[in-house]
Amino acid sequence: MSAQGILITAFAGAGLSYALGLTSARLREVFAIVVSVLLVCLIAITHGQGAEHVYYPDFLGLDLVLRMDALAWFFAITVSMVGCLSVIFSLHYVRGKEKENFYYFALLLVNAAMLGIVLSGDLLSFFIFWEIMSWAAFLLISYKRGRALDAGLKYVIMSILGSCAMLLALLYLYANYNTLVISDLAQQIRSAAGGFPLWVMLAFALGFGIKCALIPLHTWLPDAHSEAPSPFSAVLSGILIKMGIYGFILVMYGVVGLKLLLEVGAPWLHFHTVLCWLGAITILIPTFIALLQDDAKRLLAWSSIGQIGYIMLAIGVATSLGLAGALFHTLNHAVFKALLFLAVGAVEYKTGGVRDLNRLGGLIRRMPVTFACALIGGLGLIGVPLTSGFVSKWLIYKTLITEGHPFLALAALVGTWGAILYVYKLLHNMFLGQLPEKYANLEAAPFSMQLPLMICGFIIVLFGILPGIPLSVIGGIVGTLGFEPVTATLTGFGPQIGPLNTLNLCAAFAGVLLVIVAFRGIAARPKPVSQDDSYAAGAAAPAGKYHHTVRFYDPLERMTGGYLRDWVDQFYLSAAGKAKGVFNGVRRIYTGDVRTYVMYIVALLTFLIFAHTAGWL
Amino acid sequence: MNFLTSYIHYVGCFALVLIGLYVALVKSNLIKVIIGINLIDTGVNLFLVATGYLGGGTAPIFSKAAEQSQEMVDPVPQALVLTAIVIGVSVLALALALAIKVYDHNGTLDLRKLKGLKW
Amino acid sequence: MVSPILLIAVPLALAFLTPMVGLASKSARRYMPAIAMLFNFIVAMSLLPKALEAPIIVRTAGWAPPLSIHLVAGPLGLLLSSLVALIGLLVAIYGIDYIREGARARYDVLYTLLLVGATGVVLTGDLFNLFVFFEVLCISSYALVAYRGDSAGVEAGMKYLIQGAIGSSLVLIGIGLLYGTVGTLSMADIASSVGSVAGSRLFISLAFMIAGFGVEAAIFPLNAWLPDAHSSAPSSISAVLSGVAIKAGLYAIARVVYTVYGASSILPFLAVLGVVTLLVGEMCAFAQEDIKRLLAFSSIGQMGLILFALALSSATGISGAVFLIISHGLAKALLFLATGYMIYRTGSRDISSLAGMGKRMPIMSLCFTVGAFSLMGLPPFVGFASKFTIVRAVLGTGSTFFITLLAIGLIGTVIEGAYFLRIVQWLYFKPAPEAMPEQTEGRAPLTALVPVGLLAVLIVTIGLLPGIVGRALGPAADDLLDRAAYIQHVMGD
């Protein structure tokens, strides 16, 4: 199955699902799922193929090309998988809400456009699909109305800004190399004399950085992620922002190439070094901001920015291990962030739209499966051994240390500590502690919501125990991008990279587990008591007082809250306010008095003649 | 002085145009502004005729006089001016019609007060 | 073979026949503009392939150029007159039921005359003839703006007239100066003799013409009439004014600057002016609450971009400009037409009154969205293809000056995205007010849905297959750029 077939299926699926929805809602749901699953299968069977073909000759004088290679396949399978899971999750989530047709259409369209991005063989089709993704995502972010409208506008304005920069950059390449086909372009750039201009790289970085929420271009993300419908938040955070990562990898290593890239920038400050440090900042600040969030989805959104920091850091290091870590972490983050957003979505769905961590708690008893899956996702996010997050973070730490970047490694470590804290806050405030009475009779989420969670959880554990499965693909990609290929066994790495064997870890964990079980057998049985049965200075404390989830990390907030505001966002907003003032001022030139207008005409004429006599024209 | 005498027709036309522009720019009464526009029009028409003017030339008509005379003025600008006059008149008529309507709606012809549409 | 002169003669005849047809049958009269434009569209399209090879020269009264007034139906002229006819046709169909108040007979006559004027402007090869057609266009649009006779319309029409009349006088002065210098009015003849004349006199006449045509072309700062006129006129008129009339002004400037004068020294100035126009237009549009005024300011912005692209003086740049003329014509006509019935429906031009329109008028809203996306230059709509061509042309020049200007101009695109997408949000994501004044006559009839739908289909189709018009763009650009060929075609050997 060629890339073309995949794209036709994806786009036609989006259109047809809308058409079918006009006749029957049930048919549309079934069809949407069939298309999504079909896409996963179609992409899966193209594994290992490499092809490049023109699918649209002479679009404005340019050939549009699709290609399938290892990098494209890796991203395509991630996109289609997360997309498929979010469609399955959507079944119950949007059922009975308004504009269902539109919702499925836009969701499938975003997924199709993302497939288009990664399967593009030239930068023009890349850009076209990129734009389609941007506006379709805008429509979905705005879907929930209210505050979502502002979030959508913020997203789309930044997005257009990035697209403009990207358009300038890619047309600069076209003007100089007369082609936009990635393989030709790469060849020509590498064989051309002289370096790669910094401004072009920066323009690309602006476009991609906005999409993947690199600080200081991140401000759209917390709003958009928290206001979008939850299945789409999963798509946004899981794969849409990864398109920025894909863009970075493609341009930096696929087009410009390692050798030239290392020289982009001033001799004393290289582009990729700046990227590393931006990545480190992007790990640190959002992690601490995430700690202070009370909105579950906002917390996850900030966490997403932090995880993007890891990936950018790993990309910027420009080593074989770093790139492998970045790619693996991209995959992992897609899976566990999708899982967490979907889990929050399930809770939100059952509780009637409550995402406020202060008002939830104790749901473990009502939604055990959701909790178990969210726990696995959270552990993966932290990077606990035997989850896939461990392996990718291990790769990133390893390369930072061996390359001699102690401060960057420290930033990455601090980010992980922060992750432990906020994941704990999230899981505890939603699932542990006391169950509020109004949720006492809550039922578990429907199966169509649990299934995606379970699949994600399964993948996290599977890739954590057998990291060789994804690493064999990733190792190949790293090889095609001009690095030394990363070799991996099924359970770890070969000796030339470093000893990591997950089987040993498994054994260790199993041993510890055995010890715990053994001690539990020996130790005295705990006696369960009522929650009210505790000493409270002689008076029985009311049950509500035991709700420990309110104002979590309050001392931390008092200490750091003053500093950890989103200064960048405030700066942008005030700039936007100023701009609005300027726009309103500009409007005043149209005074309404026709004589002023006549004066303008005379003034232009006089200026022209004056400019001529002065010799300017 | 020499310039003035040899180009007096051009100076006259542009003086008319400038007077018209002045009226359109400064006067606040709509009717006066329309008159100003008409002055510009007249100035321009005069200018067009003047470009084709030749001292001592006859009318560009094939007649006895034309055969005797050596010089004829250029006929093209005269044709242009005829057209331009027609256009000018129609614009003027439309402007006056609109002025009546404006007065009907607003009860004033003061351009300073006609600022319903702005910004 | 049909002659291009029919493109002017037949609609002109039909325009003046319209009142007489009205004597016979009032309902038949309403179809006259549509018939005239359908004829024009068919003729223009049938002539286009031939004109792409070589311009068709039409001599009047048997005199060879430069002695007589002649038409030069080149690739650019015929492409634009096809566009005029197409938009004219669709808007005429829309107008059949849309126009309800005012003197219907005058509307039909003036409407046809306006389009005749626009067609004449793009086809003529004679400078004074250009002015005459330009005046036909202008006078009918003054009248059409004020045609409803309401307070805002009359005020806008009056202001438009004052500015337009002064602009026309400037053009006439420019033509007079030029004629006094070179002694001919045929554009090709002037072009061939301009090289031998000293610069200063020529430049002053050029300055007059730019300032004069600039009023109609809505160049900053000459565009103050446009938001008033476009917002106060009936929507069908706004659609042709925005889709066709202002393009005629811009065409006149381009023709004069490139073909007649070959004045490359003024192009950087025009490029700056274009970017300023773009920015001012978009900034002013941003804060508008009146939907039609917003669309009008957005037109100003797009005109700025077209002017900027025209000033690039490269084949790709001018192709991009012509492409943007087409795509903006289609999209803006669509937006005004779709807005027309939305305004009938709610009785208000406030953007906030569009809330929930996606549910109440789904087809109109969908088409509006398509048009807005196309204007912003989002793929896969036609606006993307045209803006892409322009950006490519700018980067292709390799000049830092133009690239910097473009980068500044792209800020305008961001602003544009902000306000258009805000409207899309109003259409689809804001709940409709509870008790809304439901005007039953606001329901869009078939005569409105068909043109709007067709425009949307065209926008998507050309966006997906830009080759449809792409083939004509290259020759159209050469038509402007290649003076020698133009002179040779018109004057013979």
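Chain naming here is simple, since letters A, B, ... match the order of the sequence lines and numbering starts at 1 in each.
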CA sep, side-chain torsions, deciding dist, call: Ile128(A), Phe59(A), side chain to side chain contact (heavy atoms under 4.5 Å, CB included): CA-CA 12 Å; Ile128(A) 291 176; Phe59(A) 179 88; 4.1 Å; yes
Is [X] close to chain A through its backbone or its side chain, or both, or neither, when contacts mean heavy atoms under 4.5 Å?
X	value
Pro227(C)	neither
Ser265(C)	both
Phe373(C)	side chain
Val414(C)	both
Leu279(C)	neither
Ile166(C)	side chain
Phe297(C)	side chain
Leu464(C)	backbone
Phe420(C)	neither
Ile162(C)	side chain
Lys430(C)	both
Leu206(C)	neither
Leu473(C)	neither
Val394(C)	neither

Using a 4.5 angstrom heavy-atom cutoff, name the option from [options] with the most pairs to chain C.
options	result
Thr613(A), Ile132(A), Thr596(A)	Ile132(A)
Trp130(A), Tyr143(A), Tyr174(A), Phe138(A)	Phe138(A)
Ala175(A), Gly61(A), Cys164(A)	Cys164(A)
Arg587(A), Arg588(A), Lys580(A)	Arg587(A)
Thr591(A), Asn176(A), Leu124(A)	Leu124(A)
Arg145(A), Lys144(A), Glu131(A), Met158(A)	Arg145(A)

Between Leu421(C), Leu222(C), Val391(C), Leu465(C), the one whose heavy-atom pairs under 4.5 Å with chain A are most numerous: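 Answer, by heavy-atom pair count under 4.5 Å with chain A: Leu421(C).
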With a 4.5 angstrom heavy-atom cut-off, could you sort out which part of [X] is near chain C: side chain, backbone, both or neither?
X	answer
Leu153(A)	both
Lys99(A)	side chain
Leu139(A)	both
Phe607(A)	side chain
Tyr172(A)	both
Asp58(A)	neither

Pair [X]-[Y], side-chain donor/acceptor within less than 3.5 Å:
X	Y	answer
Lys211(A)	Tyr155(A)	yes
Lys359(C)	Ser365(C)	no
Ser134(A)	Ser159(A)	yes

Does this structure show an ion pair linking Asp569(A) with Lys154(A), if we count only N-O contacts that are shorter than 4.0 Å?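 A salt bridge is present here (some side-chain N lies under 4.0 Å from a carboxylate O).
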Answer yes when Glu416(C) and Lys387(C) have at least one side-chain N-carboxylate O distance shorter than 4.0 Å, and no when they do not.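 Salt bridge: yes.
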[X] versus [Y]: any side-chain heavy-atom pair under 4.5 Å?
X	Y	result
Ile423(C)	Leu294(C)	yes
Leu375(C)	Ser298(C)	yes
Ile189(A)	Leu173(A)	yes

For the residue pair Tyr419(C) and Phe583(A), is the inter-centroid distance of their aromatic rings smaller than 6.0 Å? no
Under 6.0 Å between ring centres: does that hold for Phe105(A) and Phe102(A)? no
Residues His230(C) and Ala296(C): closest non-hydrogen pair is CB-CB, 3.6 Å
Test Asp228(C) against Arg293(C) for salt bridge (Lys or Arg N to Asp or Glu O under 4.0 Å), laying out the working first. CA-CA 7 Å; Asp228(C) 299 349; Arg293(C) 215 171 160 77; 3.1 Å; yes
CD1 of Ile363(C): more than 12 outside heavy atoms within 6.0 angstrom? no
Go through Leu60(A) and Phe323(C) one step at a time and tell me if the side chain to side chain contact (heavy atoms under 4.5 Å, CB included) criterion holds. CA-CA 11 Å; Leu60(A) 298 170; Phe323(C) 205 172; 3.8 Å; yes
Among Val272(C), Asn223(C), Leu270(C), which residue satisfies the side chain to side chain contact (heavy atoms under 4.5 Å, CB included) criterion with Thr277(C)?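 Passing option: Asn223(C).
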